[in-house]
Visitor: 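Can you keep this structure in mind? I'll have questions shortly.
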Amino acid sequence: MDIRITSFGHLHGPRPADAHIVLDLRQHFRDPHFDPRLRTLTARHRKVIRAVKRTPGIEPLLAATVAQAQAYARGPAAGQHPLHIAVGCAGGRHRAGVTAYLLARRLRRRGHQVDLHHRDLHQPVVDRAAA
């Protein structure tokens, strides 16, 4: 494994401390949580994947992150330490999970071994009024 990707929700705990690259999707990308039809679904559902993929800015963010990961892979310590990319949103069930999945898929297509872990995908829907 040369790249580890962790999706997570900021409302369920801190970001992974050992991450080299952190994508914080909370403020700059539309949140599927606010669509009642998507709220209880997760990044494993096609409707959520479609909604996140159609979010303005996600495609360029994925391309830029792939380029950044490949720059790390060409560095002098490449192969000695796995690169850790953390992708976070508020609850970790929608934006972070889908973005991490799409990023892993793109990196695998470029020949990288990728370990994908969804830290908070199983967590219950966060009550945003109480958070």
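Please read all numbers here as calculations on a predicted model, not as lab measurements.
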Visitor: For the residue pair V22 and I85, establish whether any side-chain heavy-atom pair is separated by less than 4.5 Å.
Guide: no

Visitor: Flag the pair L116 / L103 as yes when at least one side-chain heavy-atom distance between them is below 4.5 Å, and no otherwise.
Guide: no

Visitor: Nearest 0.5 Å, please: how far is NZ in K47 from OG1 in T42?
Guide: 13.0 Å

Visitor: CG/L25 to CG/L61 distance, rounded to the nearest 0.5 angstrom?
Guide: 6.5 Å

Visitor: Mind checking ring-ring contact (aromatic ring centres under 6.0 Å, His included) for H10 and listing every partner two or more places apart, or none if nothing turns up?
Guide: F8

Visitor: Closest heavy-atom contact between I21 and Y72?
Guide: CD1-CE1, 3.8 Å

Visitor: Are Q113 and P82 close enough that some pair of their side-chain heavy atoms sits under 4.5 Å apart?
Guide: no

Visitor: Heavy atoms only: give me the nearest V87-A96 pair and the separation to one decimal.
Guide: O-CB, 3.2 Å

Visitor: Using the side-chain contact (heavy atoms from CB on, under 4.5 Å) rule, take I49 and H45 through it: C-alpha gap first, then chi angles, then the decisive distance, then the call.
Guide: CA-CA 6 Å; I49 294 169; H45 292 92; over 6 Å; no

Visitor: Taking all non-hydrogen atoms of both residues, which atom of V126 and which atom of G91 are closest, and how far apart?
Guide: CG2-CA, 4.3 Å

Visitor: If you count heavy atoms of other groups shown closer than 6.0 angstrom to CZ of R44, is the number above 12?
Guide: no

Visitor: So, D120 side chain and H12 main chain: donor-acceptor pair closer than 3.5 Å or not?
Guide: no

Visitor: In plain terms, say whether R95 and D31 are close enough for a salt bridge, that is, a side-chain N and a carboxylate O under 4.0 Å apart.
Guide: yes

Visitor: In a check of side chain to side chain contact (heavy atoms under 4.5 Å, CB included) between L121 and each of R119, H118, Q123, H117, which one passes?
Guide: H118

Visitor: Just verifying a value: how many Å separate H28 NE2 and I58 CD1, rounded to the nearest 0.5 Å?
Guide: 11.5 Å

Visitor: Side chains of F29 and T99, heavy atoms from C-beta outward: is any pair under 4.5 Å?
Guide: no

Visitor: For residues A104 and V114, report the shortest heavy-atom separation together with the two atoms involved.
Guide: CB-CG1, 3.7 Å

Visitor: Measure the spacing between NE2 of H33 and CG of L38 and express it to the nearest 0.5 Å.
Guide: 11.0 Å

Visitor: The criterion is side chain to side chain contact (heavy atoms under 4.5 Å, CB included); which residues satisfy it with R110, sequence neighbours excluded?
Guide: V66, Q70, R106, H112

Visitor: How many angstroms lie between atom OG of S7 and atom CG of L23, to the nearest 0.5 angstrom?
Guide: 11.5 Å

Visitor: Is there a donor-acceptor pair closer than 3.5 Å between any side-chain N or O of H20 and the backbone N or O of H84?
Guide: yes

Visitor: Given the rule in the salt bridge (Lys or Arg N to Asp or Glu O under 4.0 Å) test, do D18 and R4 qualify, once you have shown the distances and angles that lead to the verdict?
Guide: CA-CA 11 Å; D18 64 338; R4 181 170 39 136; 2.8 Å; yes

Visitor: Can you tell me how far OG1 of T6 sits from CG of D115, rounded to the nearest 0.5 angstrom?
Guide: 7.5 Å

Visitor: Measure across V48 and A43 and return the closest heavy-atom pair with its distance rounded to 0.1 Å.
Guide: CG1-CA, 4.1 Å

Visitor: Which atom pair, heavy atoms only, marks the closest approach of P56 to R30?
Guide: CD-NH1, 3.7 Å

